[in-house]
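To start, the structure itself, in structure tokens.
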Amino acid sequence: PTTGTDLRRSLGIPRQRFLVFLPGGLRPIKGQHRAVGLVRLLRAAGADVEMILAGPDQDPVYAASVRDECRREPGVRVLPTLAHERMGAAYIDADVVLNTSFSEGAAPTILEAGILGRPVIAADVPGNRDLIRHRETGLLFADENDMCKQVMALYRNRSAAGALGVRIREDFHRRFDEQREISALLSAYAAA
């Protein structure tokens with residue numbers, strides 16, 4: 001659902017500020033630490049940007065480390081797990097959804113962002129390449145420097161960001177139609 005609490009309003013983030021959303025459980029394989037310095041670099045280049053990380057602490061030591069790093073970075077916030085009713089609204093509030101994983105299957109966060117038409121920038125790993133066609137339905141990055149360049153490119157060209165959001169939504173609706181998915185699942189159960 002996209003009718004949950006407006007994240008920008010509840011956190012006092014101005015509408016014109018570019019908001020990067022990094023959802024997912026805090027654990028080493030998700031690589032959130034790679035994005036912590038992103039806002040500092042973008043702000044140094046003149047960008048009005050903020051980043052929100054949201055997800056459960058799945059590895060307490062890693063989560064504590066990421067939270068500690070984020071406390072030292074102005075413009076970066078780590079939220080606890082958002083209720084299901086708030087996630088859709090959080091995606092809608094974001095100007096871009098980021099995935100920093102070192103390894104992925106079919107990342108639910110990318111699927112959720114894409115179905116809601118949010119532009120996605122994701123680590124160039126096999127699972128993400130299965131979901132995103134680089135420069136067609138989203139952007140893939142090789143390293144932190146590349147990630148920073150990609151976010152800055154969408155910051156500077158909001159219409160390109162919007163176009164990526166439209167294309168990923170259309171692609172996901174075509175490839176992952178919910179009625180077709182339900183029918184296939186029910187068929188698999190019936191065959192078992």
Check against side-chain contact (heavy atoms from CB on, under 4.5 Å), L98 and F141: CA-CA 10 Å; L98 189 60; F141 67 86; 4.1 Å; yes
Pairwise distance [atom1]([X]) to [atom2]([Y]) - rounded to 0.5 angstrom:
| X | Y | atom1 | atom2 | value |
| --- | --- | --- | --- | --- |
| L111 | T109 | CG | OG1 | 8.0 Å |
| K149 | D143 | NZ | CG | 8.0 Å |
| I182 | D177 | CD1 | CG | 8.5 Å |
| R67 | L79 | CZ | CG | 8.5 Å |
| H134 | D124 | NE2 | CG | 8.0 Å |

Determine the minimum heavy-atom distance between [X] and [Y], stating which atoms define it.
| X | Y | result |
| --- | --- | --- |
| Y91 | V97 | CD2-CG2, 3.7 Å |
| S103 | I29 | CB-CD1, 3.8 Å |
| N128 | A123 | ND2-O, 2.9 Å |
| C70 | V36 | SG-CG2, 3.8 Å |
| N157 | S159 | OD1-OG, 2.8 Å |
| T100 | A35 | CG2-CB, 4.0 Å |

Once salt bridge (charged side-chain N to carboxylate O under 4.0 Å, His left out) is applied, what residue pairs with a partner in residues 35-56 remain, sequence neighbours excluded?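 Residue pairs with at least one partner in residues 35-56: R17-D48, R17-E50, R40-E73, E50-R77.
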How would you list all residue pairs meeting salt bridge (charged side-chain N to carboxylate O under 4.0 Å, His left out) that involve residues 103-118, not counting sequence neighbours?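 Residue pairs with at least one partner in residues 103-118: K30-E104.
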Can you find a pair of side-chain heavy atoms, one from [X] and one from [Y], that are under 4.5 Å apart?
| X | Y | value |
| --- | --- | --- |
| V125 | F102 | no |
| C148 | L42 | yes |
| R135 | L139 | yes |
| I13 | D93 | no |

All N/O donor-acceptor pairs, side-chain side in residues 18-27, below 3.5 Å, sequence neighbours left out:
from: R27; atom 1: NE; to: Q58; atom 2: OE1; distance (Å): 2.8

Would a single hydrophobic cluster contain both [Y] and [X], if residues Ile, Leu, Val, Met, Phe, Trp and Tyr are joined by side-chain heavy-atom contacts under 4.5 Å?
| X | Y | result |
| --- | --- | --- |
| I52 | V78 | no |
| V166 | V96 | no |
| L140 | I168 | yes |
| I92 | M87 | yes |
| V49 | L41 | no |

Verify the neighbour count for atom CZ of R9: are there more than 12 heavy atoms of other residues, nucleotides or ligands below 6.0 Å?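 Not more than 12 within 6.0 Å, no.
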How about CZ on R156, more than 12 heavy atoms from neighbouring residues, nucleotides or ligands closer than 6.0 Å, or not?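 Open.
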Decide side-chain contact (heavy atoms from CB on, under 4.5 Å) for L164 and L154; before the verdict, give the C-alpha distance in whole Å, the side-chain angles of both, and the deciding distance to 0.1 Å. CA-CA 10 Å; L164 281 175; L154 294 188; 3.9 Å; yes
L53 and V76: CA distance, side-chain angles, deciding distance, side-chain contact (heavy atoms from CB on, under 4.5 Å) verdict: CA-CA 8 Å; L53 287 75; V76 180; 3.8 Å; yes
Quick check: does any side chain N or O of [X] sit under 3.5 Å from a backbone N or O of [Y], one acting as donor and the other as acceptor?
| X | Y | result |
| --- | --- | --- |
| R86 | L7 | no |
| Y62 | H33 | yes |
| S65 | V61 | no |
| R15 | R8 | no |

Yes or no on salt bridge (charged side-chain N to carboxylate O under 4.0 Å, His left out) for R175 and D171, after CA distance, side-chain angles and deciding distance? CA-CA 6 Å; R175 291 170 52 201; D171 182 53; 2.8 Å; yes
For a side-chain contact (heavy atoms from CB on, under 4.5 Å) check, start with the C-alpha distance between Y155 and D95, then their side-chain angles and the critical distance, and finish with the verdict. CA-CA 8 Å; Y155 170 80; D95 291 296; over 6 Å; no
